[in-house]
Amino acid sequence: MEQILQHKQEIENLQIADVKALEEYRIKYLGTKGIVKALMGEMKQVPVEKKKDFGQLLNEFKQFTESKYESWKETIQDRSNHLSGLDLTLPGDAVPAGSRHPISLMRNRIVSIFQRLGFAVAEGPEIDNDWNNFTALNLPENHPARDMQDTFYISTDPAWLLRTHTSNVQIHEMSKGKLPIRIITPGRVYRNETISARSHCFFHQVEGLYIAENVSFADLKQTLYFFVQEMFGKDVKVRFRPSYFPFTEPSAEMDISCLLCHGDGCSVCKKTGWLEILGCGMVHPKVLENCGIDSNKYSGFAFGMGIERPALLKYGIKDIRLFSENDVRFLKQFTGAI
Ligand code: PHE
């Protein structure tokens, strides 16, 4: 009787997971030479007074081994039914890889170059007030330069608008009162322009700002030279042209030699051999003062560039509208690009 209980314990601990193990179990316990049969054979040796108890226990044990067998059989069959019709040797379906947007790719490249020079990324609101987008940047009301940027107004009194440049982030950062500042500000900007292959009513800019003691135009030039070399290569030539921005004085525009014709003149550079890529200058003392910064002690430079133009050039894209139409056939071409 003790043996029976031991066998029962043994079975209790068994894990039968496949047909082979189940068959081994059947042979061991329920086969013609199996344990159950053998125990039955011992019945005749059991003393009469114990026969009843032994018989009962053995019977229970037999039922137990059989029902265990049936239940394992069922689960194993269930599982194989579930898998039948599946060919597990077939190759799997590849999960399609996503891709980064070309504007993100270009923004990341620009930002990482300046990060290596110690510039930190700062972001600001796309909806801002008139002060941060215009007035504090030395564009008081009725200033003619406001016409340079066709603005989408959300309200007029007080004036809230979609920022026309990321220069509003300059104001936000300078007004925090922590110096020095060395930031790069990527973001989306809005201008009420006719949509065409070359311009859109929204686009992206990266602006840079460096404010500290004794910052000079030479620092600005050296920073931008480094950027151009890293971005476009060592052979690309650079030129500065005097320009005008209300928030910088002196101001300049920077051109690089045409990446396509290398300065010979082609349709992309309109036969000039040069491509205009950014505006820059020394931050106007009035802008510093508007943000509570002592312009006798501190000076700084700022520059701003579009992201769309270099992305068009780098990827050979002919129409700026492709960037925002999100045609998967277009976007898929950037899979794997970093
Ligand atoms: N904010 C200017 C623009 O959008 C670019 C610029 C930034 C020029 C900083 C000079 C200095 O056109």
Side-chain angles (χ1 to χ4, degrees), residues 103 107 110-111 114 117 119 121-126 128 130-140 143-152 161-174 181-193 198-212 215-224 227-228 238-256 275-288 290-291 293 295 298-310 320:
I103 293 296
R107 180 202 56 209
I110 296 171
V111 166
F114 287 105
L117 288 175
F119 284 78
V121 171
E123 282 176 319
E126 289 181 21
D128 214 336
D130 187 86
W131 169 262
N132 291 321
N133 193 79
F134 287 131
T135 312
L137 286 157
N138 199 28
L139 278 115
H143 192 291
R146 287 193 181 206
D147 294 342
M148 281 160 67
Q149 305 180 348
D150 299 297
T151 311
F152 284 116
L161 45 85
L162 296 179
R163 67 177 176 192
T164 57
H165 47 190
T166 50
S167 305
N168 67 330
V169 189
Q170 280 191 36
I171 304 302
H172 285 282
E173 289 297 317
M174 289 196 282
I181 296 171
R182 201 191 283 152
I183 53 163
I184 195 93
T185 70
R188 183 176 284 184
V189 302
Y190 302 82
R191 290 183 199 179
N192 192 0
E193 276 174 29
R198 303 194 123 251
S199 66
H200 214 295
C201 61
F202 68 83
F203 55 98
H204 300 80
Q205 286 187 330
V206 177
E207 184 150 318
L209 176 70
Y210 179 35
I211 310 277
V215 178
S216 72
F217 204 94
D219 298 320
L220 168 62
K221 285 176 85 176
Q222 203 52 50
T223 303
L224 294 177
F227 166 69
V228 168
V238 173
R239 76 173 183 188
F240 285 86
R241 280 179 292 106
S243 184
Y244 171 75
F245 299 102
F247 31 88
T248 47
E249 180 60 35
S251 305
E253 269 168 302
M254 191 179 85
D255 300 341
I256 57 169
L275 298 168
E276 181 196 318
I277 62 159
L278 59 80
C280 59
M282 301 307 291
V283 178
H284 198 292
K286 257 189 129 168
V287 176
L288 295 175
N290 284 340
C291 300
I293 296 174
S295 61
Y298 291 99
S299 56
F301 65 70
F303 57 86
M305 71 185 98
I307 300 181
E308 270 76 358
R309 176 86 70 89
I320 201 170

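All ligand and atom numbering here is 1-based and tracks the order in the structure.
Taking the side chain to side chain donor-acceptor pair (under 3.5 Å) definition, one finds that S299 meets it with nothing, sequence neighbours left out. Evaluation of the salt bridge (charged side-chain N to carboxylate O under 4.0 Å, His left out) rule for D128 yields no partner, not counting sequence neighbours.
At a cut-off of 3.5 Å, with distance as the only test, no side-chain donor of N133 or S167 sits close to an acceptor on the other residue. H204 and E308 share a side-chain donor-acceptor pair at under 3.5 Å.
With a 4.0 Å heavy-atom cut-off, ligand 1 is reached by no atom of S251.
Looking at F301, Y244, F247, it is F247 that brings a heavy atom closest to atom 6 (C) of ligand 1.
The contact set between ligand 1 and Q205, taken as ligand atoms under 4.0 Å from a residue heavy atom, comprises 3 (C), 4 (O). The ligand atoms of ligand 1 that sit less than 4.0 angstrom from a heavy atom of H165 are 1 (N), 4 (O). Listed by number with element, the atoms of ligand 1 under 4.0 Å from a non-hydrogen atom of S167 are 1 (N). Each of the following atoms of ligand 1 lies closer than 4.0 Å to a heavy atom of A302: 9 (C), 11 (C).
Under a cut-off of 6.0 angstrom, the local environment of CZ in R198 is sparse, with at most 12 non-hydrogen atoms contributed by other residues, nucleotides or ligands.
For the side chain to side chain contact (heavy atoms under 4.5 Å, CB included) with L137, the lone residue among F245, W131, F247 that qualifies is F247.
Where the criterion is an N or O separation shorter than 3.5 Å, residue side chain and backbone included, R191 meets it with respect to ligand 1.
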